[in-house]
Asker: 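I have a structure here, written as structure tokens, and I will follow up with some questions on it.
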Amino acid sequence: MNATAPAVTRHAAQPLRPFRVGVGGLVLLGAGHLALAAAAAWGDPTAEQAASSAAMRATNMTLLGLERSTLDVVNGMSTVMALFVISSALLALFAARQAPALVERRTAFGWTLLATSLAGLAISALFLPPPPIAVLAVTSCAFGLSLRRAAR
């Protein structure tokens, strides 16, 4: 029984490892989204994709006095959100490196990342294809495990 106790203690004291997995998943999610968006923009669209893009280009909206096509708004928001996910994940990683207690103890820092990951998972399950669902399932589990290993 003593032979396994140190291993359990060692794992219980390492909430940073699963935290890094969760953060890595968020970076992968944002970078993957940007890569797929770039590939779609530079690829040859199908007839359905071309028709959809044409309809979105033909529909304009005015936001705070700026007129933009629906396609521009959707593409712009998609790109900004992907960059925001990447930068937020990197900021979380840098914060944890500078102040490990944010992760080693159960703080709002860890709970916020778990809640955000779970909300993203729920939205993805409703509206998106399998890759972001899989990535967000992993990030949610990783952040949850990190919190479980953290001290109270």
Side-chain angles (χ1 to χ4, degrees), residues 1-46 48-49 52-53 56 61 63-64 66 68-152:
M1 188 157 165
N2 285 342
T4 59
V8 170
T9 303
R10 186 176 69 242
H11 287 296
Q14 294 183 0
L16 284 169
R17 182 173 293 159
F19 177 83
R20 288 184 193 115
V21 170
V23 167
L26 293 178
V27 171
L28 174 66
L29 182 72
H33 180 78
L34 289 175
L36 288 174
W42 290 322
D44 291 327
T46 64
E48 294 86 11
Q49 291 169 331
S52 175
S53 292
M56 291 175 73
M61 58 177 66
L63 302 168
L64 301 172
L66 296 174
R68 300 287 187 256
S69 74
T70 302
L71 183 63
D72 290 340
V73 171
V74 168
N75 287 339
M77 289 297 295
S78 177
T79 302
V80 166
M81 290 298 112
L83 292 171
F84 186 75
V85 167
I86 294 168
S87 64
S88 295
L90 292 175
L91 284 171
L93 180 62
F94 299 150
R97 282 189 179 163
Q98 293 299 313
L102 289 171
V103 177
E104 292 166 350
R105 300 195 53 80
R106 292 183 188 166
T107 65
F109 183 76
W111 287 109
T112 301
L113 287 164
L114 175 59
T116 302
S117 184
L118 287 170
L121 175 59
I123 293 166
S124 294
L126 290 172
F127 301 112
L128 298 177
I133 296 168
V135 171
L136 287 166
V138 170
T139 63
S140 296
C141 289
F143 289 134
L145 181 59
S146 177
L147 283 166
R148 180 159 169 71
R149 289 183 178 179
R152 289 180 185 239

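Every value quoted in this text rests on a predicted model; they were computed, and no experiment measured them.
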Asker: For the CE atom of M61 and the OG1 atom of T70, what is their distance to the nearest 0.5 Å?
Answerer: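 Answer for the CE-OG1 pair, M61 versus T70, is 4.0 Å.
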Asker: Table please: side-chain donor-acceptor pairs of residues 80-87 below 3.5 Å, with sequence neighbours left out.
Answerer:
{"residue": "S87", "atom": "OG", "partner": "L83", "partner atom": "O", "Å": "3.1"}
{"residue": "S87", "atom": "OG", "partner": "F84", "partner atom": "O", "Å": "3.2"}

Asker: Rounded to the nearest 0.5 Å, what separates atom CG in L147 from atom CZ in R152?
Answerer: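 If I round to the nearest 0.5 Å, the distance is 11.0 Å.
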Asker: To the nearest 0.5 Å, tell me how far S146 OG sits from R17 CZ.
Answerer: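 These two atoms lie 12.0 Å from each other.
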Asker: Calculate, to the nearest 0.5 Å, the distance between atoms CD and CZ belonging to Q14 and R20 respectively.
Answerer: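 Taking CD in Q14 and CZ in R20, the distance rounds to 9.0 Å.
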Asker: Can a donor-acceptor pair be found, under 3.5 Å and without considering hydrogens, that links the side chain of S53 to the backbone of Q49?
Answerer: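 A pair under 3.5 Å: yes.
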Asker: Which residue, V23, V103, V138, T116, forms the side chain to side chain contact (heavy atoms under 4.5 Å, CB included) with F143?
Answerer: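 Single pass found, and it is V23.
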Asker: Distance-only, no hydrogens or angles: does the T79 side chain make a donor-acceptor pair with backbone N or O of N75 under 3.5 Å?
Answerer: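 It does hold such a pair.
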Asker: Using every non-hydrogen atom in the two residues, find where F109 and A92 come nearest and quote the distance to one decimal.
Answerer: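 Heavy atoms of F109 and A92 come nearest at CZ-O, 3.5 Å.
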Asker: With rounding to the nearest 0.5 angstrom, report the CG to OG distance, L113 to S88.
Answerer: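 Those atoms lie 9.0 Å apart.
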Asker: Of all residues at least two apart in sequence or in a different chain, which pass the ring pair (Phe, Tyr, Trp, His ring centres under 6.0 Å) check with F94?
Answerer: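 Partners of F94 by the ring pair (Phe, Tyr, Trp, His ring centres under 6.0 Å) criterion come out as none, since no residue qualifies.
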Asker: What are the two closest heavy atoms between L114 and G144, and how far apart are they?
Answerer: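 Heavy atoms only, the tightest pair is CD1-N, 3.8 Å.
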Asker: So, does R106 use its side chain to make a donor-acceptor pair with the main chain of R148 at under 3.5 Å?
Answerer: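 Yes: the side chain of R106 pairs with the backbone of R148.
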Asker: With no hydrogens and no angle check, is any side-chain donor or acceptor of T107 less than 3.5 Å from a backbone partner on L102?
Answerer: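 Looks like yes, one N/O pair under 3.5 Å.
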Asker: Could you pull out every donor-acceptor pair under 3.5 Å between side chains of residues 117-136 and any protein atom, sequence neighbours left out?
Answerer:
{"residue": "S117", "atom": "OG", "partner": "T139", "partner atom": "OG1", "Å": "2.5"}
{"residue": "S117", "atom": "OG", "partner": "S140", "partner atom": "N", "Å": "3.2"}
{"residue": "S117", "atom": "OG", "partner": "S140", "partner atom": "OG", "Å": "2.8"}
{"residue": "S124", "atom": "OG", "partner": "G120", "partner atom": "O", "Å": "2.8"}

